[in-house]
J.: 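Just passing along the structure, written as structure tokens.
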Amino acid sequence: MYEIGRLCVKIAGRDAGKKCVIVDILDSNYVLIDGETRRRKCNLTHLEPLNQIIKIKKKASNVDIIKEFKKLKIEIKTTKPKKAEKRPKKTKKIKNNEEKTAIKTVKQTKTSKTSSTKEKKATPKKKTVTTKKVK
Amino acid sequence: MPAGRYKSRSLRRVFTKVISKTKLTYKKRKPKIAHCANCKTPLKGVPRLRPHQAQNTPKTQKRPQRPFGGKLCSKCTRAKIKSSIQE
């Protein structure tokens, strides 16, 4: 039943419902499959055989199988790995000496103002209490 | 004595550690386990999450990757695919 070139449908896993062909028989339980699914080792219990048989060699390449599938009017999506674009490196803006000095002076004035206000708050006014002597 | 609104046991009781004692807090319960739509067996790989937790978890962690994942169990999906082939 399970021979090289037998069309099958994968039942289990993320490729379930997709058509594949047996490329190689590895074991009494395992086969190598390729087609709409990824090229991978597969358990026979995860396959449902179909009536059709494709003429392919043992361990046929992925390109050959795509050609055979095209004859059966089954298109296989081929995905190419995306090329990573080079990210532009972030460069720190170097400030001029004039700008640096201007920022420093602004900071110093701010700190001096805050310190002066704190001193004022620290010394509250004393209230004068006047007691009237009542005879 | 718990306050009137907490007596019905619809909220679960959680003891949280506070400095020098434990404090009773009330939290909402988890939803029920997801079941297969066909055979009603509990599904694996589907976490029990409250809606706000489900929002923040990625889609791949909330159901199996196969077709009908999170709706049907693996046995029922196999049977369904087989029956579709035979037709």
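In the text below, chain A, chain B and the rest are named by the order of the sequence lines, each starting its count at 1.
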J.: Flag yes if A:Ile74 and A:Val21 sit in one hydrophobic cluster, no otherwise; membership is Ile, Leu, Val, Met, Phe, Trp, Tyr, and two members link when side-chain heavy atoms are under 4.5 Å apart.
T.: yes
J.: Between A:Ala16 and B:Ile81, which heavy-atom pair has the shortest distance, and what is it?
T.: CB-CD1, 3.8 Å
J.: Is it the case that one hydrophobic cluster holds both A:Ile65 and A:Val63, taking links as side-chain heavy atoms less than 4.5 Å apart, direct or via other members?
T.: no
J.: Would a single hydrophobic cluster contain both A:Leu72 and A:Ile76, if residues Ile, Leu, Val, Met, Phe, Trp and Tyr are joined by side-chain heavy-atom contacts under 4.5 Å?
T.: yes
J.: Determine, step by step, whether A:His46 and B:Arg78 satisfy the side chain to side chain contact (heavy atoms under 4.5 Å, CB included) criterion, reporting the C-alpha distance in whole Å, the side-chain angles of both residues, the deciding distance to 0.1 Å, and the verdict.
T.: CA-CA 9 Å; A:His46 299 167; B:Arg78 284 180 197 194; 3.7 Å; yes
J.: Shared ILVMFWY cluster between A:Leu32 and A:Leu50, side chains joined below 4.5 angstrom?
T.: yes
J.: Using 0.5 Å steps for rounding, measure from the CZ atom of B:Arg66 to the NZ atom of A:Lys10.
T.: 11.0 Å
J.: CD1 of B:Ile85 to CD1 of A:Ile11: how many Å apart, nearest 0.5 Å?
T.: 6.0 Å
